[in-house]
Amino acid sequence: MKRGLLPVMVLLATGSVFALGIRESNARGEGNFSVLVYITGVVAGSPPYELLVEGAQAFAASRPNVTIKVYEAGFNQAEWEEQLTSLVAGGEYDLVLGSNPSLPDICANVGRKFPSQKFIITDAEFRDNPQISTYLFNQYEQSLCLGYLAGLITTSSMPHVNSAKKIGFIAAQEYPILNRHIVPGFLDGARLADPSIELDFRVIGNWFDANKAAELAGGMIDAGVDIFASIAGGAAQGLIRTASGRGAYIVWYNTNEYKLAPGIIVGCGFMGQKKLTEEILADAVAGKIGYGVSRTVGVKDGYLDFIDDDPDYIASLPQDIRDKFGAFMNDIRAGRIAYTVPSLY
Ligand code: RBF
């Protein structure tokens with residue numbers, strides 16, 4: 001404490017010229033902490049981005065010296081690196097915060113041009129770069145949970161269930177976390193309920209085309225799918241439309257969306273991205289972030305879970321399914337289910 005105070009007292013005693021010099025060398029301002037929240041897409045309709053922004057804004061609201069700028073980079077992925085480069089070129093931001101598996105590579109390129117710029121990215125895994133810190137959600141685990149529930153549903157006698165043991169997954173685009181963690185986890189989970197379950201997997205090609213998602217979902221229902229999951233951002237609205245119109249079920253990743261289609265969206269996962277964001281920013285302001293490293297978070301430590309206390313969940317599924325699934329979730333929460341997370345590479 002004493003050691004920390006001494007330079008401040010010297011600075012005050014030596015007067016304004018010295019103090020001004022210090023201020024000029026720090027364009028961001030003494031004591032202020034400025035964060036660029038870089039959204040790789042648009043916020044609306046994408047749970048990871050909505051939660052990231054909510055967390056950053058909640059943190060800034062509690063700290064008057066923290067300022068947040070949210071930038072939506074849009075859907076043209078080819079432009080993301082150039083956009084980020086021009087945003088950080090002025091040296092305005094103490095930190096760039098983002099949430100996307102493709103961001104660390106982009107940040108590494110941008111960071112080479114601006115060696116003092118720091119980046120923290122969630123939903124990604126990247127190591128050994130002293131400017132970049134990453135946090136990976138164990139989405140294999142959330143997928144195992146949602147997949148097991150989908151397996152219980154497709155083998156049940158619920159009103160919209162047919163005799164085919166077929167579950168569906170609609171993805172906006174393919175990428176390593178999707179192909180190696182999310183989709184395999186979903187199928188592995190379903191096969192814990194019944195090993196003969198098959199997966200119908202289809203790709204939209206972008207994160208916004210709800211009509212294409214609706215059309216794909218229709219074809220999948222024709223092919224025997226009665227329960228869906230999707231990772232599709234705003235395009236998932238098309239799946240909800242078709243499932244509601246034709247009669248099929250959906251399990252939803254990351255956020256509580258039961259209200260969007262009660263009785264159709266029958267299970268929702270939880271992603272603790274808001275809490276993680278607030279913790280990350282507190283650590284960043286305190287200078288406690290480890291750069292060059294990646295940390296994985298999941299159900300056991302409370303960063304992923306399943307929302308089973310919502311009245312719409314309880315009303316949507318028969319007691320026997322909720323009992324079986326509840327026992328499974330308790331085992332996952334307690335670390336009693338053994339599984340191996342596949343390699344991302
Ligand atoms: N998830 C979204 O919810 N909305 C998006 O717009 C979005 N864009 C993505 C773009 C790229 C290039 C990649 C690799 C992933 C994207 N994701 C998006 C997926 C996101 O990172 C995460 O894996 C899923 O949302 C599941 O939590």
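Along the sequence shown, residues carry numbers from 1. Remember, it's 1-based here, ligands and their atoms both numbered in the order they're listed. Here the structure is a predicted model, which is why all the values come from computation and not from measurement.
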Worksheet entry | Protein contact to atom 25 (O) of ligand 1 [nearest heavy atom, distance to 0.1 Å] | Pro48 CG, 3.3 Å
Worksheet item: Any idea which atoms of ligand 1 are less than 4.0 Å away from a heavy-atom of Tyr175?
Response: 14 (C), 15 (C), 19 (C), 20 (C), 22 (C), 23 (O), 24 (C)
Worksheet item: Between Gln319 and Asp323, does any side-chain donor sit less than 3.5 Å from a side-chain acceptor?
Response: yes
Worksheet item: What protein heavy atom sits nearest atom 26 (C) of ligand 1, and how far off is it?
Response: Ile231 CD1, 3.6 Å
Discussion item. Looking only at distances, can you tell me whether any N or O atom of Gln173, backbone or side chain, sits closer than 3.5 Å to an N or O atom of ligand 1?
Written reply: no
Worksheet item: Are Tyr49 and ligand 1 in contact, using a heavy-atom cut-off of under 4.0 Å?
Response: yes
Worksheet item: Does the ring center of Tyr38 lie less than 6.0 Å from the ring center of Phe119?
Response: no
Item to complete: Go through the side-chain N and O atoms of Tyr140 and Thr340 and say whether any donor and acceptor fall under 3.5 Å apart.
Response: no
Discussion item. Counting C-beta onward and ignoring hydrogens, is there a side-chain heavy-atom pair between Ile221 and Thr242 closer than 4.5 Å?
Written reply: yes
Worksheet item: Which residue and non-hydrogen atom of the protein lie closest to atom 20 (C) of ligand 1, and at what distance in Å?
Response: Asp123 OD2, 3.2 Å
Fill in: atom 10 (C) of ligand 1 - nearest protein heavy atom and its distance
Asn100 ND2, 3.3 Å
Item to complete: Please assess Glu125 against Arg127 for the test salt bridge (Lys or Arg N to Asp or Glu O under 4.0 Å), listing each intermediate value before the final yes or no.
Response: CA-CA 7 Å; Glu125 188 178 52; Arg127 295 192 170 85; 3.5 Å; yes
Worksheet item: Have Asp123 and Tyr135 got a donor and an acceptor in their side chains that come within less than 3.5 Å?
Response: no
Worksheet item: So, for His160 and Asp226, which heavy atoms are closest and what is the spacing to 0.1 Å?
Response: O-CB, 3.5 Å
Practice prompt. Ignoring hydrogens and angles, tell me if any N or O in the side chain of Ser46 forms a donor-acceptor pair with the backbone of Val43 under 3.5 Å.
Written response: no
Worksheet item: What do you reckon, does Trp80 have a nitrogen or oxygen under 3.5 Å from a nitrogen or oxygen of ligand 1?
Response: no
Worksheet item: Do Gln77 and Gln173 meet the criterion of a side-chain donor-acceptor pair at a distance under 3.5 Å?
Response: yes
Worksheet item: Which is it for Phe137 and ligand 1 at heavy atoms under 4.0 Å: side chain, backbone, both or neither?
Response: neither
Response to the item:
Numbered in order shown, the ligand 1 atoms found under 4.0 Å of a heavy atom of Ser46 are 2 (C), 3 (O), 4 (N), 5 (C), 6 (O)
Discussion item. I'd like to check whether Ser102 has a polar contact with ligand 1, where a contact means an N/O of the residue lying under 3.5 Å from an N/O of the ligand.
Written reply: no
Item to complete: For atom 27 (O) of ligand 1, find the nearest protein heavy atom and state the residue, atom name and distance (0.1 Å precision).
Response: Asn254 ND2, 2.9 Å
Worksheet item: Closest approach of Gly267 and Tyr313, non-hydrogen atoms and distance?
Response: CA-CD1, 4.5 Å
Worksheet item: Taking distance alone, with no angle check, do Ser99 and ligand 1 share an N/O pair under 3.5 Å?
Response: no
Item to complete: Could you list the atoms of ligand 1 found under 4.0 angstrom from a heavy atom of Gln77?
Response: 10 (C), 12 (C)
Item to complete: Among all protein heavy atoms, pick out the one at the shortest distance from atom 1 (N) of ligand 1; state its residue, atom name and that distance to 0.1 Å.
Response: Trp207 CZ3, 3.2 Å
